[in-house]
Amino acid sequence: HQDVTTELDVFVLNGTYIIEDFLSGKSTTVKFSEDGTIKNFYDYTRYKTFRDLWGTGKQMDRIGLIKNDSTIDNFALKFTKNSLELYTVTCVTFDSIDSICREGGFDRQVYKLNKK
């Protein structure tokens, strides 16, 4: 996999989004900047994208959201029209001999950010 945030990733992600908290009913303006910083997205302060090819013909781009304490939470990402959707990742095919995931898949959607 490639673990470099490309100019294309920055172009696509860069901008202001609105995220709604369905529990509180409040919405927050979130900003992804060209320098890899994030503003107002819970405890996340930076992002890094990853390109993965898992399994035959399956592509899943991932994003790592980084907290101040350097903890990274990894999500699969999808762009749909004017929104960015983040999902937890599930292992579809696990290789028990090598103890690695051979094929990943989208699991549960955890965030939906609408482009402002």
Side-chain angles (χ1 to χ4, degrees):
H1 68 98
Q2 298 176 14
D3 46 332
V4 175
T5 301
T6 66
E7 288 181 24
L8 177 61
D9 296 324
V10 169
F11 174 76
V12 172
L13 287 170
N14 185 36
T16 304
Y17 297 84
I18 302 294
I19 185 170
E20 292 188 32
D21 184 328
F22 295 109
L23 295 177
S24 70
K26 296 179 181 179
S27 61
T28 303
T29 300
V30 176
K31 171 90 171 141
F32 283 77
S33 298
E34 290 181 18
D35 65 358
T37 59
I38 305 171
K39 299 218 185 300
N40 297 325
F41 192 19
Y42 300 104
D43 294 333
Y44 302 115
T45 57
R46 298 190 56 75
Y47 71 90
K48 183 175 193 145
T49 59
F50 303 90
R51 281 235 163 76
D52 275 332
L53 294 173
W54 269 349
T56 306
K58 296 196 181 231
Q59 179 174 352
M60 178 175 18
D61 292 332
R62 293 183 300 134
I63 186 169
L65 300 180
I66 306 164
K67 297 179 180 179
N68 275 334
D69 65 0
S70 298
T71 302
I72 300 176
D73 293 333
N74 289 298
F75 301 96
L77 63 93
K78 284 185 186 178
F79 293 100
T80 57
K81 293 188 182 180
N82 291 325
S83 67
L84 170 63
E85 298 176 357
L86 303 181
Y87 294 80
T88 55
V89 178
T90 186
C91 184
V92 176
T93 306
F94 186 76
D95 182 337
S96 58
I97 294 171
D98 292 331
S99 295
I100 60 170
C101 184
R102 294 284 182 202
E103 182 180 347
F106 292 91
D107 193 19
R108 184 176 58 92
Q109 183 179 349
V110 273
Y111 300 113
K112 181 173 183 179
L113 297 97
N114 295 308
K115 193 96 173 187
K116 188 172 178 182

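All residue numbers refer to positions in the sequence shown, counting from 1.
- Asn40 meets the side chain to side chain contact (heavy atoms under 4.5 Å, CB included) test with Thr28; sequence neighbours excluded.
- For Gly64 against Ile72, the heavy-atom pair with the smallest separation is CA-CG2, 3.8 Å.
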When you look at Leu86 and Leu84, which way does the side chain to side chain contact (heavy atoms under 4.5 Å, CB included) test go after all the steps? CA-CA 7 Å; Leu86 303 181; Leu84 170 63; 4.2 Å; yes
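- Taking hydrophobic clusters as Ile, Leu, Val, Met, Phe, Trp and Tyr residues chained together by side-chain heavy-atom distances below 4.5 Å, Leu65 shares a cluster with Phe79.
- Nearest heavy atoms, Lys115 versus Gly15: NZ-CA, 4.1 Å.
- For Thr90 and Asp107, the side-chain atoms include no donor-acceptor pair closer than 3.5 Å.
- Hydrophobic clustering (ILVMFWY, side-chain heavy atoms < 4.5 Å, transitive): Ile38 and Ile18 are in distinct clusters.
- Of the inter-residue distances, the one linking Thr37 atom OG1 with Tyr47 atom OH reads 7.5 Å to the nearest 0.5 angstrom.
- Remark: Asp43 CG to Thr71 OG1 distance equals 9.5 Å, nearest 0.5 Å.
- Taking all atoms of both residues into account, the shortest heavy-atom contact from Tyr87 to Lys78 is CE1-CD, 3.9 Å.
- Residues satisfying the side chain to side chain contact (heavy atoms under 4.5 Å, CB included) criterion with Asn68, sequence neighbours excluded, are Thr45.
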Stepwise side chain to side chain contact (heavy atoms under 4.5 Å, CB included) test for Asp73 and Lys67: CA-CA 8 Å; Asp73 293 333; Lys67 297 179 180 179; 3.4 Å; yes
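- Residues Leu113 and Phe32 approach most closely at CD2-CE1, 4.1 Å, considering heavy atoms.
- Taking CZ of Phe75 as the start and CZ of Arg108 as the end, the distance is 9.0 Å to the nearest 0.5 Å.
- Heavy-atom minimum distance, Tyr42 versus Ile19: CE1-CD1, 4.1 Å.
- In this structure, the ring of Tyr17 has its center no less than 6.0 angstrom from the ring center of Tyr111.
- The side chain to side chain contact (heavy atoms under 4.5 Å, CB included) test applied to Lys31 returns Asn14, Thr16, Ser33, Lys39, not counting sequence neighbours.
- Distance check: Lys116 NZ to Asn82 CG gives 14.0 Å after rounding to the nearest 0.5 Å.
- Residues Ile63 and Ile66 are members of separate hydrophobic clusters, defined by side-chain heavy-atom contacts under 4.5 angstrom among Ile, Leu, Val, Met, Phe, Trp and Tyr.
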